Structures are given as C-alpha cells and as structure tokens.
Amino acid sequence: MSEAVNITQEQLDELMAAVDTAQNGLFTANNTWMLVATAMVFIMHLGFSAVESGFVRQKNVVNILFKNAMIISIGLLSYYVIGWGIMYPGDTGNGFFTLPTLFADPGAEGQTVAYTDGAYTYWTDFIFQAMFAATAATIVSGAVAERIKIGSFLLFATLLVALSYPITGMWKWGGGWLDQMGFYDFAGSTLVHACGGAAALVMAFLLGPRKDKYTSTGAIKPIPGHSMPLAAIGVFLLWFGWYGFNGGSVLSADPDLVSLVFTTTSLAAAAGAIGAFIVSSTVYKALDLSMVLNGMLGGLVGITAGADVIPVPSAILVGLIAGAIIPLSVVMFDKIKIDDPVGATSVHLVCGIWGTLAVGIFGQGDFSFGTQLIGTLSVIAFTAVFSFIVGFAIKSTIGLRVSEEEEEEGLDVGEHGMNAYA
C-alpha cells in the first residue's frame, strides 16, 4: 500500500508555475512556426511571379508582375474585410453559406493560449489563411496571360477571393457540409488548387486563345516563353514555399507531423519531375524542361490533400502519377483549344483532383473515395459556375480582352506604358 504524498502550498505553486512556463513555451514555439510558415507561403507569390514571367513573351512581363503585385494586395485586404468572416463563421454558419462578419476582431482573448489551446493566436490564424486565399487567385493569372485586360482581371480576382473561395473553403475548413460528410483536404489540393484551376479554365475559355496560337487548319503553334531560367527559379521558390504551405497546415510545430509532411511533400515533388520526364520523353520524344518543372508542381499539388495521412512510399506514387499526368493534360487542353500559357489548369485543376482522390486510395484513416470525389467535384462545379457568371458579366460590359493591336504590341506597352527590359 503506497504512502500518501504530502505537498506544501509552496511546492504546488512552483509546480503550477512550471506547467504554465512549459505551456507558454510550447505556445510560443507553435505560433512562431506558424508565422514562419506564413512567410514561406508569401514567398510563393514571388515564385508564381517568376514562373509566369518566364513562360510568357518578353513583351508581357511587366503585365504579369503587375498582376501578381496587385493580387497579393487585393487578396489580403478583401479576405480580411469579407472572406475571412465567410470562411470561418463559427457557430453562425449553416454549412453552405453565411453572411460575413466584417472586420472581425477577437479582442484580447484571441492573442492568448486560450484561443486554440496553445497552437497559435487569432491574427496568426488569419494571416496564414489569407496567404492561401491570395494563392487561389494567383493561379488564374498565368492561364489568362498575354491577352486579358488588367482591370477586368483584377475585378474578377477580387470577387474570387472575397466570395467564391471563402464559400467553398468554409464547406470543409469552416466546419461546413463537406466536413460533416467526412471529406478530407489537408492543405488544399481541391480547396485552393482545384478551385483556382477551375476558375483559370473558365476564364481561359471565355477569353479564347492567344492570337496565332492555332493555325487555320487547327494545328497547334507553340509560343515559347522568353526565359526558362526565370521559370526554373520560380518553380524552386514555389517548392520552397510549399514547406510552409503544407508544413504550416499541421497548425502547430508538432515535430512528428511536420517532419512527415516535409518528407511526403519533398518526395512527391521529386517523383512528379520524374513522372513528367518519363512521359514527355517516351510519348512525345522531347526532353522538355517546362514539362519537368510543371511535373514538380503537379507532384506538390497532388500530395497537398493528404500530406499528413499518406505514407511516404505512397506519397512517391502520388507524385509520380501527378507528374505523368502533366504532359498528357497539357496536350489535351491544347487539342481542345484551351490556351493556357503556363499550364495552370493541368497543374492545379487536374493534379488537384488526382491528389484529392488519392486520399481515398492511399490515406491511412477512415477515408472514402466516393466522399473525396463528391467533395472535389462540388467545389469545382461551384467555382466554375461562379467564374462563368462573373467572367461573362465582365465580358459583356467592360470587356475581358485587349484589342488585337495591343496584344500584338504587348501588354507591357499597351496596358502599362513600359518595358521589362531596357
């Protein structure tokens, strides 16, 4: 029979103080990692800028950079004012849509351990999610490059980030109907990437192809970008930023999960490059750098939905298949005359669908392939309909596309009155 342990009030106070110190230390570590991850996601916008700039012609580089500079600025502000309150309604949501709480402020409690049991503060939560929201609009930029009016694009991007993205994001991450159904999307293969890819596809369709992209007989005329080094730099910046994108989605500095996510993310990206290399070299007999670069991105998009629940060997297979999809998808879209200068629809939409479904195949847990399919298709359908309505309204009023003369001259001069290079 054990003896009773006597403890004095002073010893109890010391013990409680030690517990508080440990809890506050963990809180600080978690919150710091989340802010570092947020900064890494921000770097992805530099990556998108570089990729898109490299894949377009020299005469349109300023236009690409201008769009990307405005997207992050508009995205953060519109998400703060409107989107944040829609996406995370708390107890006021109905599972499908809720009116936003404008300029939400949690008060002092939002900056303490009590907000998320020591994971991060309210404002860390907001700024991390806001970076994701801006990313969805950035995906559209590359697909509509070299022929869209800058004002029309910025109007569309604002509405996408403020309304469409938060609504579908709330369906899962805000505790909506997809979350209640059991749909799983760890970091956004569907909620960010397929969402942005669906919007990109619709807008590319509404715009039509670039001048001289297809001949009168329907043959595809390649329009190479002006700087493959710049495109490669952009892809590696995106890969780097993805460690924050996926690693931050652990929502803490948990050493086990963060290290697993870093590993699955890295190996999927590497396998994506190999998959794209194998297919492009064997099927199309070309050692195409653009395919390998997009294969890396395809692998990253593919693993994003299940980076924390898909075993490491399976993550390699997910990335390999995503990369193999890229050359086939790019050619398929070209054949149906969807002109996408950077391959955004293939990378983000097609590989986003694959990655979401892969959770139902390889995920360790109670995941349903059918639920994953319903989830990704519903988000894509809503985004596509929203994008078509908004895009068609813009096209019918202020117009979507620049004139033939301006397209021929280049949007840098026509829209901005400057050149990217002396």
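Since the model is a prediction, treat every value here as computed from it, not as a measurement.
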Here the gap from Leu26 atom CG to Ser252 atom OG, rounded to the nearest 0.5 Å, amounts to 8.0 Å
Can you confirm whether Val379 sits close enough to Leu178 that some side-chain heavy atom of one is under 4.5 Å from a side-chain heavy atom of the other?
yes
Arg147 and Ala145 have their tightest heavy-atom pair at NH1-O, 3.0 Å
Would you please name every residue forming a salt bridge (Lys or Arg N to Asp or Glu O under 4.0 Å) with Arg401, sequence neighbours left out?
Glu407
Which word best sums up how the rings of Phe362 and Trp354 line up, parallel for under 30°, tilted for 30 to 60°, or perpendicular for over 60°?
perpendicular
Gln129 and Trp173: CA distance, side-chain angles, deciding distance, side chain to side chain contact (heavy atoms under 4.5 Å, CB included) verdict:
CA-CA 10 Å; Gln129 297 296 338; Trp173 290 339; 4.3 Å; yes
If the condition is salt bridge (Lys or Arg N to Asp or Glu O under 4.0 Å), which residues does Glu408 pass it with, not counting sequence neighbours?
Lys211
Would you name the heavy atoms of Ile64 and Ser141 that are closest together and state the gap between them?
CD1-OG, 4.4 Å
Below 4.5 Å, heavy atoms only, C-beta onward: do Trp33 and Tyr120 meet side chain to side chain?
no
Qualifying residue, where the test is side-chain hydrogen bond (donor to acceptor under 3.5 Å, both in side chains) with Thr124 and the options are Asn30, Thr32, Asn31
Asn31
Nearest heavy-atom pair of Ala143 and Ala344: which atoms, and what distance?
CB-CB, 4.2 Å
How would you list all residue pairs meeting salt bridge (Lys or Arg N to Asp or Glu O under 4.0 Å) that involve residues 161-173, not counting sequence neighbours?
Lys172-Asp179
Please list every donor-acceptor pair under 3.5 Å in which a side-chain atom of residues 286-306 meets a protein atom from a residue at least two apart or in another chain.
| residue | atom | partner | partner atom | Å |
| --- | --- | --- | --- | --- |
| Asp288 | OD1 | Ser290 | N | 2.9 |
| Asp288 | OD1 | Ser290 | OG | 2.5 |
| Asp288 | OD2 | Ser290 | OG | 3.4 |
| Asn294 | ND2 | Val342 | O | 3.2 |
| Thr304 | OG1 | Trp242 | NE1 | 2.9 |
| Thr304 | OG1 | Asn246 | OD1 | 3.4 |
| Thr304 | OG1 | Leu300 | O | 2.6 |

Do Ile398 and Ser152 make a side-chain contact, defined as non-hydrogen atoms from C-beta onward lying under 4.5 Å apart?
yes
Any heavy-atom pair between the side chains of Phe55 and Met228 that's under 4.5 Å?
yes
Kindly compute the distance separating CG (Asp340) from OG1 (Thr345), expressed to the nearest 0.5 Å.
4.0 Å
Side chain to side chain contact (heavy atoms under 4.5 Å, CB included) partners for Leu377, two or more places apart
Leu373
Minimum heavy-atom distance between Ala253 and Ala29, given as atom pair plus value
CB-O, 4.0 Å
Test side chain to side chain contact (heavy atoms under 4.5 Å, CB included) on Asp308 and Val250 and set out the steps.
CA-CA 8 Å; Asp308 64 328; Val250 173; 5.7 Å; no
Test item: Phe186 and Val359 side chains (from C-beta on) under 4.5 Å apart, heavy atoms:
no
Under the side chain to side chain contact (heavy atoms under 4.5 Å, CB included) rule, what do Phe128 and Phe132 come out as? Steps first, then yes or no, please.
CA-CA 7 Å; Phe128 181 70; Phe132 273 53; 3.5 Å; yes
Spacing of Ile139 atom CD1 and Met203 atom CE [to the nearest 0.5 Å]
14.5 Å
How many angstroms lie between atom CG of Leu46 and atom CG of Leu238, to the nearest 0.5 angstrom?
8.5 Å
Scan the side chains in residues 320-336 for donor-acceptor partners under 3.5 Å anywhere in the protein, sequence neighbours excluded, and list what turns up.
| residue | atom | partner | partner atom | Å |
| --- | --- | --- | --- | --- |
| Ser329 | OG | Ser346 | OG | 2.8 |
| Asp334 | OD1 | Tyr214 | OH | 3.0 |

Please identify each residue that fulfils ring-ring contact (aromatic ring centres under 6.0 Å, His included) with Phe367, with sequence neighbours left out.
Tyr184
Report yes if some heavy atom in the side chain of Leu400 is under 4.5 Å from a heavy atom in the side chain of Phe156; otherwise report no.
no
Between Ser78 and Val161 the two heavy atoms that sit nearest each other are OG-CG1, 3.6 Å
Look at the aromatic rings of Phe245 and His193 and report parallel, tilted or perpendicular, splitting at 30° and 60°.
tilted
Using 0.5 Å steps for rounding, measure from the OG1 atom of Thr383 to the CG atom of Leu201.
11.5 Å
Partner set under salt bridge (Lys or Arg N to Asp or Glu O under 4.0 Å) for Glu52, not counting sequence neighbours
none
Relative to the ring of Phe126, is the ring of Trp123 parallel (under 30°), tilted (30 to 60°) or perpendicular (over 60°)?
perpendicular
Run the side chain to side chain contact (heavy atoms under 4.5 Å, CB included) test on Phe386 and Ile167 for me, step by step, so that the C-alpha distance in whole Å, both residues' side-chain angles and the decisive distance to 0.1 Å come before the verdict.
CA-CA 11 Å; Phe386 178 93; Ile167 291 172; over 6 Å; no
Atom of Val56, atom of Glu146 and distance for their closest heavy-atom approach:
CB-OE2, 3.6 Å
Show every donor-acceptor pair shorter than 3.5 Å between a side-chain atom in residues 267-280 and any protein atom, with sequence neighbours excluded, or say none if there are none.
| residue | atom | partner | partner atom | Å |
| --- | --- | --- | --- | --- |
| Ser280 | OG | Ala276 | O | 2.7 |
| Ser280 | OG | Phe277 | O | 3.3 |

Does Ser378 reach the main-chain N or O of Gly375 with its side chain, forming a donor-acceptor pair under 3.5 Å?
yes
Any side-chain heavy-atom pair of Tyr79 and Tyr165 under 4.5 Å
yes
Please confirm whether the backbone N or O of Ala307 pairs with a side-chain atom of Thr264, one donor and one acceptor, at under 3.5 Å?
yes
I'd like a table of donor-acceptor pairs (distance under 3.5 Å, sequence neighbours excluded) in which one partner is a side-chain atom from residues 410-422, with atom names and distances.
| residue | atom | partner | partner atom | Å |
| --- | --- | --- | --- | --- |
| Asp412 | OD1 | Val61 | N | 3.3 |
| Asp412 | OD1 | Val62 | N | 3.0 |
| Asp412 | OD1 | Asn63 | N | 2.9 |
| Asp412 | OD2 | Val61 | N | 3.1 |
| Asp412 | OD2 | Val62 | N | 3.1 |
| Glu415 | OE2 | Ile150 | N | 2.7 |
| His416 | NE2 | Asn63 | ND2 | 3.0 |
| Tyr421 | OH | His226 | NE2 | 2.7 |

Contacts of Ala134 meeting side chain to side chain contact (heavy atoms under 4.5 Å, CB included) (sequence neighbours excluded), chain-then-number -> His45, Ile72
Is there a donor-acceptor contact under 3.5 Å from the side chain of Thr168 to the main chain of Ser164?
yes
Residue of the set Tyr88, Phe382, Phe97 for which ring-ring contact (aromatic ring centres under 6.0 Å, His included) holds with Trp171
Phe382
Rounding to 0.5 Å, atoms CD1 (Ile148) and CG (Leu154) come to a distance of 9.0 Å
Quick check: are there more than 12 heavy atoms from other residues, nucleotides or ligands sitting under 6.0 Å from CZ of Phe262?
yes
List in chain and number order the residues that pass side chain to side chain contact (heavy atoms under 4.5 Å, CB included) with Pro311, two or more places apart in sequence or in another chain; answer none if no residue qualifies.
Pro313, Ser314, Gln364
Check whether any side-chain heavy atom of Leu260 lies under 4.5 Å from a side-chain heavy atom of Val312, and answer yes or no.
yes
